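Here the structure comes first, spelled out in structure tokens, and everything after it is commentary.
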Amino acid sequence: MLDELKTDRKVVGIKQLRKALSAGTAKKVFVALDADPALTEPLVEQCHADDVTVVHVPSMRQLGDACEISVAAAVAAII
């Protein structure tokens, strides 16, 4: 499932995901379970309202690795 983030077009991070959701380009969103819920919950709610699939990932580090970046990531999306 996370392999999609290595091959498909993506955005990584809260700000980039907000932009993708606003533009209607996010197809599937990945959210790290250990990320701050105050930041991720509004995005998850927007995903549900916009009928965008949300996939939960165990950790920010795992999500960052899947996105092939050298830092942890709270959220990412396939666009």
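The model shown is predicted, which means the values in this text are computed figures rather than measured ones.
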So NZ of Lys10 and CD1 of Ile78: to nearest 0.5 Å the spacing works out to 7.5 Å
Residue pairs meeting salt bridge (charged side-chain N to carboxylate O under 4.0 Å, His left out), one or both in residues 62-79, sequence neighbours left out, come to Arg61-Asp65
Residue set satisfying side-chain contact (heavy atoms from CB on, under 4.5 Å) with Ala35, at least two apart, ordered chain then number -> Ala32, Thr40, Met60, Ala74
Hits for salt bridge (charged side-chain N to carboxylate O under 4.0 Å, His left out) against Lys28, two or more places apart or cross-chain, chain-then-number order -> Glu4
Report all side-chain donor-acceptor pairs from residues 14-21 shorter than 3.5 Å, counting only partners two or more places apart or in another chain.
none

Students should find that the hydrophobic cluster of Ile69, defined by side-chain heavy atoms under 4.5 Å apart, otherwise consists of Val12, Val71
Subject >> Co-membership, hydrophobic cluster, residues Leu2 and Val55, 4.5 Å side-chain >> reply: yes
Please set out all donor-acceptor pairs under 3.5 angstrom arising from side-chain atoms of residues 41-50, sequence neighbours excluded.
none

Cluster overlap Val54 with Val52, hydrophobic side-chain contacts below 4.5 Å: yes
Can you get from Leu5 to Val29 by hopping between Ile, Leu, Val, Met, Phe, Trp and Tyr side chains that sit under 4.5 Å apart? no
